[in-house]
2 protein chains.
Amino acid sequence: MTTARSKSGNPKRDGKVGNLRTEQKAQTRALILQCALEVFAERGFDGASVRDIAGFAGVNHGLIRYHFADKDGLWKAAVEFLFNRLHEEMAAPPEDAKLAPLEQTKSWIRRYVRYCARHPEHARIMVQESIRDSDRLRWAVKRFIKPDNEETRRRFRRLVEEGVYPDIPEHSFNYIITAAAQSMFMLANEMKYIYGLDVASDDVVDAHAEAIITLLFDHRARRAAVRRPKS
Amino acid sequence: MTTARSKSGNPKRDGKVGNLRTEQKAQTRALILQCALEVFAERGFDGASVRDIAGFAGVNHGLIRYHFADKDGLWKAAVEFLFNRLHEEMAAPPEDAKLAPLEQTKSWIRRYVRYCARHPEHARIMVQESIRDSDRLRWAVKRFIKPDNEETRRRFRRLVEEGVYPDIPEHSFNYIITAAAQSMFMLANEMKYIYGLDVASDDVVDAHAEAIITLLFDHRARRAAVRRPKS
DNA sequence: AATTTGGTTATCCAATTGAATAGCAGGGAG
DNA sequence: CTCCCTGCTATTCAATTGGATAACCAAATT
């Protein structure tokens, strides 16, 4: 367990807003949050100990109580951070507005796959929590997952209505797409041991996004990608 | 926590092989294993306590040490059980041998989706363990996951060589297919809160299998399933 | 009937954990 | 310069945990 912070931090001001103490406080809070993300992702809520998280951040474990009240509060703050970042990083580029729905969806898939590769903690934390049943899950579903889901549903319904997508059950669509995008990066360890492949490689990430698009969103490209039989 | 076993068990013999003690022993072992599956699936390795598992099974927690040496041994025995059951229940029916590779694959998907719905603990336990990195994961990969995976790879390669499937990376294929089949059932709690849907329903299960086949394995059926645009 | 065996329970132990409380030290207001 | 506020640390506490040991007792063996 390496400590991520030296005893004294960096007390040099960089001339920004706020006084030194509030700034330091915010920094410490952010540091703890970052470490909490890693530890929660790797060990799940029960498996993660506030002491490990604090040790990882190089602070006294009492501080977590001060900043986040209790372990539950820390988890919720971490999840809040995750979804805020997701929303920021998943914003569609303005030029997407001109594209047809199916093309918009392909662009969305590319962004989402790259997000999953960049931040595997997100899926790791949420999946571990969704496997169990808890107040935390209900909180996260109500606050973040369900609203995001509504958007995916709208996207899907539009594709179906435009006649470019088969009318499968919405929940099947949702779980097939998101799982296909997340799983490889969420299970990077497993993949390392099976294929000896490092998921961090950009090649692997982009190829995965294109594979999903080929299989699920582009049956023209798909037919072309199929090798002609020898006959 | 309900106890699954009364104090005295059922001491009546049913005239089978083996003496009473060995039979009882096997029964107790199986009972503990069953409870371990549930608890490991719900809470992960770290979150599950041997005392809870023992309490669930209605036995003293010392017994787990006797039957499985330690917590690790219990987990491994549980996983061994899971994969043995998987192999039994996933055996292809003899008539499949006559089918073309693509049709065999569709049949395999139907069997796998139903398996995932019937035994969601399997994916729950393995995914939680694959998210972390541990000796247990390496053990499971070497012993079960990788061999099973080789088979899926062969299946995939044959489809590609027959010219009925696009030549995407093998690992992408693997994670897209398995994740698409598992995730909805693995995350049944989440789905319950998002869609209010009970995953146990046969309708939902079969429809999900067909959705996967439509999207991923049957672009002819897929085109037919797409509503024609109004134009 | 007496003795041994082995599945099971009761109990203990050290380590870890989440939480609570008291105290410290240095920045900031006066 | 002085004092207070607050971000942070040190320490304590009760509960839980995995594991170890010894006692128990009914089935099996003789």
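Per chain, numbering begins at 1; letters A, B, ... match sequence-line order.
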Subject >> Within the 6.0 Å centroid threshold, strictly below: A:Tyr115 and A:His119 >> reply: yes
Subject >> Between D:dT16 (C1') and B:Asp46 (CG): distance, integer Å >> reply: 14 Å
Subject >> B:Glu121/B:Arg85 salt bridge by N-O under 4.0 Å criterion >> reply: yes
Original post:
Can the ring centres of B:His208 and A:Tyr175 be said to be less than 6.0 Å apart?
Top reply: no
Subject >> Interatomic distance, B:Glu23 CD vs C:dG6 P [rounded to whole Å] >> reply: 18 Å
**OP:** Check the distance between D:dA27's C1' and B:Lys25's NZ and give it to me in whole angstrom.
**Re:** 14 Å
**OP:** Report the distance from atom NE2 of B:His67 to atom P of D:dG19, rounded to the nearest whole Å.
**Re:** 16 Å
Original post:
Is B:Ala26 touching bases, backbone alone, or none of the nucleic acid, heavy atoms closer than 4.0 Å?
Top reply: nothing
Subject >> Residue whose nearest DNA chain C nucleotide is more 5′ - B:Asn60 or A:Asn60 >> reply: B:Asn60
Subject >> Under 4.0 angstrom between B:His61 side-chain N/O and C:dT11 OP1 or OP2 >> reply: no
**OP:** Return the value, rounded to whole Å, for the distance between atom CZ of B:Arg51 and atom C1' of C:dT17.
**Re:** 14 Å
**OP:** Select base, sugar-phosphate, or nothing to describe what B:Ala69 touches, counting heavy atoms under 4.0 Å on all strands.
**Re:** nothing
**OP:** Classify every nucleotide of nucleotides 21-27 of chain C by which part a protein heavy atom approaches to under 4.0 Å, writing B for the base, S for the sugar-phosphate alone and - for neither, in 5'-to-3' order.
**Re:** B----BB
**OP:** Decide, yes or no, whether a salt bridge links A:Asp96 with A:Arg111 under the criterion of side-chain N to carboxylate O below 4.0 Å.
**Re:** yes
Subject >> Contacts of type side chain to side chain contact (heavy atoms under 4.5 Å, CB included), residue A:Asp72, not counting sequence neighbours >> reply: A:Phe45, A:Asp70, A:Lys76, A:Arg136
Original post:
Rounded to whole angstroms, how far apart are CG on B:Leu63 and P on D:dC24?
Top reply: 17 Å
**OP:** For A:Asp52 and C:dA19, give me the distance from atom CG to atom P, rounded to whole Å.
**Re:** 15 Å
Original post:
Could you give the CD1-to-P distance, from A:Ile64 to D:dA10, as a whole number of Å?
Top reply: 15 Å
Original post:
Closer than 4.0 Å, any side-chain N/O of A:Ser49 to the OP1 or OP2 of C:dT17?
Top reply: yes
**OP:** Would you please indicate yes or no on a ring centroid separation below 6.0 angstrom for A:Trp75 and A:Phe68?
**Re:** no
Original post:
Under the ring pair (Phe, Tyr, Trp, His ring centres under 6.0 Å) test, which residues partner A:Phe173, sequence neighbours left out?
Top reply: A:Phe156, A:Tyr165
